[in-house]
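Below you'll find the structure, written out as structure tokens, and then a few comments.
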Amino acid sequence: MEVTSQKFKIRAGSALVNEGLQHALRKSRGGFVDKRQQAVDDLPQFEQLRSRAVDVKNHVLANLDKYLDEFERNVSAKGGQVHFASTPEQGVETIIDICTQAGAQRVAKGKSMIGEEMDLNDALEADGMEVIETDLGEYIIQLAREKPSHIIAPAIHKTRGEITELFYEHHQKYGLTERVDQVETIVNEARTVLRDHFVNADVGITGANFLLADSGASVLVTNEGNGDLTSSLPRVHIVTASIEKVIPSLADLTLFLRLLARSATGQEISSYTSIYSGPAKSQDMDGPAEYHVVLLDNGRSMMLQGEYREMLRCIRCGACMNHCPVYQSIGGHAYGWVYPGPMGSVWTPLLVGLQNAANLPNACTLNGRCGEVCPVKIPLPDLLRKLRHQIFERGLVDRKSRLGLALWGWLARHPKVFRFSIGMAARLLRRLAGRQGSIRSLPLAGGWTESRDFPAASGAGFVASWNSARKSR
Ligand code: SF4
């Protein structure tokens, strides 16, 4: 997928004035957050589960080669095949080879962020195959020729009216000529169209939430059940996943399932949890004749060795973006690659190069919510700070920001001058704000005042309050 993260500021600016997007974001805002909170409140041992999940993930990451070997052995023992791909290009080549050998013309595809990393749809289509997304959200954005804007709700940026028009435009060829504008009728129409594709597809491609080393099984969590039809009806099933998705066993899976659904959608458990363990056996009534797992590295082995290793604990629940004020204001497309929000602001620079995504770690207020809600306790704010430091060290910030930061650094090292300057600035801001208490337009802070008022400092300031609190103790 093309990386456009360098254009983050421009795209974020456009997103802020895109009325349709803002309407869709307003409608979705809060839903996941409230439901997650309720689900967490209902499970008193949630914190314990988080800690155990961290331990399991850390253990796996410390022994990743061992668990990947074990996974591969067990897939082979069951008649499947594991293909390791260092790069997205290798992954695509492998999948096209499998499809070509299967004589595939039609591919049914479930949601897969690894597929997005590989730009799989475009590659398969360029090779002459017809690809149909089978997840409703993915299907909607496929019709719109767009990319996902959220890792668990790819079409969250679309309004119902936009979906109605997309279906109206694209479903005429199936004889579906009514405008459907209710959730139920939209879902039913998608079901009608997709059913044929499930039955006629030669190859089914799904993602995987987890890979079980001790059995060679892959696990897929969905709310639509499309994964089961995608994997069991076509003759060939291909699972796409990244190497860090492996966990030791089924016993560990139950731990992660309890955390994943609650953190993602606030459900106790997702509607479908499917475990695929290889091609159909002679006594099975259905299932694919061939089973392949394509495991993508794409820079993760490098991450494993460095200071961002904790990011590899991510289970792609999306909670960090649901709680991020920046994501909630601009949606996912502005981030310019596969992964948006706080986790994307760490993943993207690490996977596509800091120089190609230097704006992303700065797209953060450092309010800390992402780190607080992450079910595997990834210290996202710390990782973002580290990246900011690296961006500064490598000279990837513009001259104006460098000067500003250098001035700030100098002030911070000279406490007397710092206090004096801050006091002056606070007094000046109070005067400019007058009775209103906030400023509409402020030179040098146009980026702020363009979209919201700048609040004047209130009270005595942090240091003065701190000192007077100390004296009064
Ligand atoms: S970083 Fe944490 S909160 Fe964000 S998607 Fe990954 S697991 Fe979920």
Side-chain angles (χ1 to χ4, degrees), residues 1-2 65 68-135 138 142 147 197-209 211 216-220 226-246 274 276-281 286-301 338 351-352:
M1 180 170 164
E2 191 198 355
D65 49 352
L68 286 172
D69 275 353
E70 190 184 344
F71 175 75
E72 184 185 19
R73 266 199 318 278
N74 285 319
V75 172
S76 304
K78 291 193 165 121
Q81 213 181 330
V82 175
H83 310 259
F84 287 97
S86 299
T87 61
E89 292 75 22
Q90 277 181 16
V92 165
E93 210 177 297
T94 304
I95 292 171
I96 287 185
D97 271 357
I98 298 168
C99 292
T100 308
Q101 279 175 31
Q105 292 182 338
R106 276 183 144 194
V107 175
K109 188 171 157 290
K111 188 162 82 62
S112 159
M113 300 317 286
I114 297 307
E116 296 296 331
E117 278 189 43
M118 295 192 279
D119 235 340
L120 191 54
N121 286 13
D122 287 354
L124 292 173
E125 282 171 1
D127 212 70
M129 282 170 256
E130 184 190 2
V131 184
I132 300 289
E133 289 287 351
T134 60
D135 170 277
E138 291 282 349
Q142 186 184 29
K147 298 291 179 188
H197 291 285
F198 284 126
V199 175
N200 294 318
D202 308 296
V203 171
I205 300 178
T206 61
N209 294 86
L211 305 168
S218 65
V219 181
L220 184 65
N226 62 308
D228 291 349
L229 295 173
T230 308
S231 60
S232 57
L233 293 181
R235 209 182 66 73
V236 178
H237 178 200
I238 304 173
V239 176
T240 54
S242 48
I243 54 173
E244 82 282 9
K245 291 281 179 82
V246 70
S274 308
Y276 307 117
S277 56
K281 321 243 173 348
D286 56 22
E290 281 181 41
Y291 178 77
H292 300 265
V293 183
V294 177
L295 286 182
L296 181 67
D297 185 319
N298 197 19
R300 288 162 173 87
S301 300
V338 179
L351 296 194
V352 307

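The residues of the chain are indexed from 1 along the displayed sequence. It should be emphasised that the depicted structure is a prediction, and the values quoted were computed from it without experimental measurement.
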Worksheet item: Tell me, do Y276 and V293 make a side-chain contact under 4.5 Å, heavy atoms counted?
Response: no

Discussion item. Looking at E125, I'd like to know if its CD atom is crowded, meaning that more than 12 non-hydrogen atoms belonging to other residues, nucleotides or ligands lie closer than 6.0 Å.
Written reply: yes

Fill in: E70: side chain to side chain contact (heavy atoms under 4.5 Å, CB included) partners, not counting sequence neighbours
K66, Y67, R73, N74, A213, D214

Worksheet, complete the sentence: In terms of heavy-atom contacts, A289 and P279 come closest through O-CB, 3.4 Å

Fill in: Value rounded to 0.5 Å, distance of CE in M113 from OG in S242
11.0 Å

Fill in: Of all pairs that satisfy ring pair (Phe, Tyr, Trp, His ring centres under 6.0 Å), the ones with a partner from residues 94-118, not counting sequence neighbours
none

Worksheet item: Restricting to pairs with a member in residues 76-108, which pass ring pair (Phe, Tyr, Trp, His ring centres under 6.0 Å), not counting sequence neighbours?
Response: H83-H292

Fill in: Side-chain donor-acceptor contact under 3.5 Å, H197 with T134
no

Worksheet entry | Inter-residue atom distance Q142.CD - I132.CD1, 0.5 Å rounding | 5.5 Å

Worksheet item: Roughly how far, to the nearest 0.5 Å, is the CG atom of N121 from the CD atom of E116?
Response: 6.5 Å

Practice prompt. Answer yes or no: is there a side-chain heavy-atom contact under 4.5 Å between V239 and H237?
Written response: yes

Response to the item:
With sequence neighbours left out, the residues meeting side chain to side chain contact (heavy atoms under 4.5 Å, CB included) with N209 are L220, V221, L260

Worksheet entry | side chain to side chain contact (heavy atoms under 4.5 Å, CB included) against A201, all qualifying residues, sequence neighbours excluded | A108, P234

Discussion item. Holding to ring pair (Phe, Tyr, Trp, His ring centres under 6.0 Å), I want the full list of residues that pass it with F71, two or more places apart in sequence or in another chain.
Written reply: none

Worksheet item: For S232, what residues pass the side chain to side chain donor-acceptor pair (under 3.5 Å) criterion, not counting sequence neighbours?
Response: none

Worksheet item: Do S112 and T240 come close enough that some side-chain heavy atom pair is under 4.5 Å?
Response: yes

Worksheet item: Is I98 close to V203 at the side-chain level, that is, under 4.5 Å between some pair of heavy atoms?
Response: no

Worksheet item: Can you check whether N298 reaches I114 side chain to side chain, under 4.5 Å on heavy atoms?
Response: no

Worksheet item: What heavy-atom pair brings L211 and A241 nearest, and what distance separates the two atoms?
Response: CD1-CB, 4.1 Å

Item to complete: Report yes or no: do T206 and S231 form a side-chain donor-acceptor pair below 3.5 Å?
Response: no

Fill in: salt bridge (Lys or Arg N to Asp or Glu O under 4.0 Å) contacts in which one or both residues fall within residues 82-109, not counting sequence neighbours
R106-E130, K109-E133

Worksheet entry | Separation of S76 OG from Y291 OH (nearest 0.5 Å) | 11.0 Å

Worksheet item: How far does CD1 of I96 sit from CE of M118, to the nearest 0.5 angstrom?
Response: 10.0 Å

Worksheet item: Which heavy-atom pair separates S301 from I243 by the least distance, and what is that distance?
Response: OG-CD1, 3.9 Å

Worksheet entry | Between CG on residue L296 and OG1 on residue T87, distance to nearest 0.5 Å | 7.5 Å

Discussion item. Using the salt bridge (charged side-chain N to carboxylate O under 4.0 Å, His left out) criterion, which residues pair with E244? Sequence neighbours excluded.
Written reply: R300, R316

Practice prompt. Would you please name every residue forming a side chain to side chain contact (heavy atoms under 4.5 Å, CB included) with A280, sequence neighbours left out?
Written response: D284

Practice prompt. Could you verify whether a donor N or O on one side chain and an acceptor N or O on the other, from S86 and D297, lie under 3.5 Å apart?
Written response: no

Worksheet item: What residue pairs, at least two apart or across chains, pass ring pair (Phe, Tyr, Trp, His ring centres under 6.0 Å) with a residue in residues 98-121?
Response: none

Discussion item. Tell me every residue that passes salt bridge (charged side-chain N to carboxylate O under 4.0 Å, His left out) with D202, counting only those two or more places apart in sequence or in another chain.
Written reply: none

Worksheet item: Can you name the nearest heavy-atom pair linking N226 to G110, along with the distance?
Response: ND2-CA, 4.1 Å

Worksheet item: For A208, does its backbone N or O pair with a side-chain atom of K245 as donor and acceptor, under 3.5 Å?
Response: yes

Worksheet item: Any side-chain heavy-atom pair from I95 and I238 closer than 4.5 angstrom?
Response: yes

Fill in: Side chain proximity check, V219 to S274, heavy atoms < 4.5 angstrom
no

Worksheet item: Do D119 and V92 come within less than 4.5 Å of each other through their side chains, counting heavy atoms only?
Response: no

Fill in: Taking every non-hydrogen atom, the tightest pair across C99 and M129
CB-SD, 3.6 Å

